[in-house]
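Before any comments, here is the structure.
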Amino acid sequence: MFEPPWTPAAGLATALREHGHAVLHPNDLGAALGCQADELAALQPSWHSLAPDGYLRDGGRYRFRRHGSFVAEGDQLTQAPHRAHWQPVDYNALHGGIERWFVPLLPEVTATDVWRRLLLGLAKVTNQLHGTRPWFIEAHQFRIDASEGIGRPTPEGAHRDGVDLVAVFLVERRGIKGGESRVFEAHGPSGQRFTLTLPWTVVLLDDARVIHETTPIQPLQPGEPAWRDTLVVTLRRGGFQDAGA
């Protein structure tokens with residue numbers, strides 16, 4: 001497994017501008033995003049109550065998730081009414097073009113102060129990258145379960161999300177092998193590959209400049225618990241992606 005190319009908190013904005021991506025160590029979350037990894041760890045039990053993803057077109061039963069939408073403007077975070085997650089086919093050839101209604105995030109997550117600070121911290125990073133404006137945020141809790149075989153974190157392959165910033169937090173790896181993160185230039189040959197192992201490590205991606213994927217996972221021991229939990233947060237200017245847009 002390759003060690004992540006760590007970005008110091010003070011160099012986060014520069015790394016995103018110059019390279020289109022950055023990886024923050026959990027110890028740097030406070031300086032970069034205004035919340036500590038141990039505070040975020042208090043949210044971890046909610047990953048045990050995710051619902052099956054009924055939209056997988058590869059026939060798999062390995063993905064579980066919850067979803068919520070928010071708007072960040074200045075120091076204000078507002079939760080939007082529950083809505084479908086939608087992406088155009090151009091960005092998600094496997095699951096694009098359909099409205100996917102996922103089970104909403106739990107209030108025990110969204111009502112916490114650390115959740116508010118996390119999303120507002122990501123909005124401030126995106127302001128530095130793209131200018132100050134309201135940000136339309138979608139948050140996804142994922143569990144990829146490999147206890148019955150192979151689990152695919154990104155069944156659509158290497159992709160962009162059609163947003164301005166993507167943040168992928170590792171929450172937990174349990175009893176698995178694989179799950180390598182890969183980030184490539186969207187319009188060039190360069191790329192990075194590394195494996196996230198520390199809880200609350202975060203990969204930040206300028207979605208216009210890079211594509212990303214995570215390789216499949218497998219259980220270390222057949223029949224034993226095996227999963228990879230992540231929190232994926234996207235920020236987009238102008239509004240949420242919508243089928244009627």
| query | Can you find a pair of side-chain heavy atoms, one from W135 and one from H130, that are under 4.5 Å apart? | reply | yes

| Rounded to the nearest 0.5 Å, how far apart are CG of L105 and NE2 of H67? | 7.5 Å

| So does E224 pair up with R174, basic N to acidic O under 4.0 Å? | no

| Between E172 and W227, does a side-chain hydrogen bond (donor to acceptor under 3.5 Å, both in side chains) hold up when you go through it step by step? | CA-CA 8 Å; E172 184 184 23; W227 63 65; 3.0 Å; yes

| said: Could you measure the distance from the CG atom of L122 to the CZ atom of F70? Nearest 0.5 Å is fine. | reply: 12.0 Å

| said: Please find the pair of heavy atoms, one from V23 and one from P4, that lie closest to each other, and give the distance. | reply: CG1-CB, 3.8 Å

| E108 and S46: side-chain donor and acceptor closer than 3.5 Å? | no

| field | Cation over ring face, R83 and F240, 6.0 Å, 45° | value | yes

| query | If two hydrophobic side chains count as joined below 4.5 Å and joins carry through other members, does W86 share a cluster with L235? | reply | no

| query | Taking side chain as C-beta onward, heavy atoms only, is I217 less than 4.5 Å from K177? | reply | no

| message | Ignoring hydrogens, what is the shortest heavy-atom contact between G178 and R173? Give both atom names and the distance. | response | O-NH1, 2.9 Å

| Single-linkage hydrophobic cluster, 4.5 Å side-chain cutoff, L43 and L24 together | yes

| So with a 6.0 Å cut-off around CG of D75, is the heavy-atom count from everything else above 12? | no

| request: Determine whether V166 and F184 fall in the same hydrophobic cluster, where Ile, Leu, Val, Met, Phe, Trp and Tyr are linked whenever their side-chain heavy atoms lie under 4.5 Å apart. | output: no

| query | In Å, rounded to the nearest 0.5 Å, how long is the span from OG1 of T78 to CZ of R116? | reply | 11.5 Å

| note | Tightest non-hydrogen contact, residues L198 and P26, listed as CB-CG, 4.0 Å

| query | Going from CG on D161 to CG on L205, what distance comes out if it is rounded to the nearest 0.5 angstrom? | reply | 8.5 Å

| message | On a heavy-atom basis, which atom in L106 and which in S49 lie closest, and how many Å separate them? | response | CD1-OG, 3.4 Å

| task | With side-chain contact (heavy atoms from CB on, under 4.5 Å) as the test, would you mind laying out the steps for W200 and D38 before giving the verdict? | result | CA-CA 9 Å; W200 297 103; D38 59 352; over 6 Å; no

| Heavy-atom pair with the smallest gap, counting every atom of A22 and L16 | N-CD2, 4.1 Å

| With a cut-off of under 6.0 Å to the ring centre and 45° to the axis, is R65 in cation-pi contact with F102? | yes

| field | Side-chain touch I176/Q218, heavy atoms, less than 4.5 angstrom | value | no

| query | Are T234 and L165 close enough, and set up right, to give a side-chain contact (heavy atoms from CB on, under 4.5 Å), and what steps lead you there? | reply | CA-CA 6 Å; T234 64; L165 188 79; over 6 Å; no

| Between R17 and G20, is there a donor-acceptor pair closer than 3.5 Å when you use the side chain of the first and the backbone of the second? | no

| field | Donor-acceptor contact below 3.5 Å, side chain T154 vs main chain T214 | value | yes

| Has the side chain of Y55 got a donor or acceptor atom that lies under 3.5 Å from a matching backbone atom of W101? | yes

| said: Would Q141 and W47 count as a side-chain contact (heavy atoms from CB on, under 4.5 Å) here? Give the steps. | reply: CA-CA 7 Å; Q141 291 179 294; W47 266 262; 3.3 Å; yes

| query | CG/L118 to CD1/I137 distance, rounded to the nearest 0.5 angstrom? | reply | 9.0 Å

| More than 12 foreign heavy atoms under 6.0 Å from CD of Q128: is that the case here? | yes

| Around Q221, counting heavy atoms of other residues, nucleotides and ligands shown, do more than 12 lie under 6.0 Å from its CD? | no

| same_hphob_cluster(L12, V203) at 4.5 Å side-chain heavy-atom cutoff | no

| query | Do side-chain atoms of R236 reach the backbone of G162 as a donor and acceptor pair under 3.5 angstrom? | reply | yes

| query | Side chains of V183 and F194: does their closest heavy-atom pair fall under 4.5 Å? | reply | yes

| said: Are the side chains of V232 and F142 in contact, using a 4.5 Å heavy-atom criterion? | reply: yes

| request: Look at R117 together with E39 and state whether they make a salt bridge at an N to O cut-off of under 4.0 Å. | output: yes

| task | Might you point out which heavy atoms bring A51 and V103 nearest each other, and give the distance in Å? | result | CB-CG2, 3.4 Å

| Between the side chain of R160 and the main-chain N/O of D207, is any donor-acceptor distance below 3.5 Å? | yes

| Under 4.5 Å between any side-chain heavy atoms of V171 and Q44, yes or no? | yes

| Derivation of the side-chain contact (heavy atoms from CB on, under 4.5 Å) call for S190 and H19 | CA-CA 10 Å; S190 297; H19 306 296; over 6 Å; no

| To the nearest 0.5 Å, how far apart are OG1 in T201 and NE2 in H25? | 6.5 Å

| query | Do you know which of R143, R100, R63, R61 makes side-chain hydrogen bond (donor to acceptor under 3.5 Å, both in side chains) with D53? | reply | R63

| So do R152 and I144 actually touch side chain to side chain, heavy atoms under 4.5 Å? | no

| said: For the aromatic rings, using the six-membered ring if either is Trp, is the centroid distance between H140 and H85 under 6.0 Å? | reply: yes

| From V71, T110, L119, residue fulfilling side-chain contact (heavy atoms from CB on, under 4.5 Å) relative to L77 | L119

| said: Any non-hydrogen side-chain atom of L40 less than 4.5 Å from a side-chain atom of C35? | reply: yes

| request: Report the C-alpha separation of D164 and R237 in whole Å, then their side-chain angles, then the decisive distance to 0.1 Å, and conclude whether the salt bridge (Lys or Arg N to Asp or Glu O under 4.0 Å) test is met. | output: CA-CA 7 Å; D164 289 281; R237 73 183 78 187; 2.9 Å; yes

| query | If Ile, Leu, Val, Met, Phe, Trp and Tyr residues are connected whenever their side-chain heavy atoms lie under 4.5 Å apart, and connections chain through other members, are W6 and V202 in the same group? | reply | no

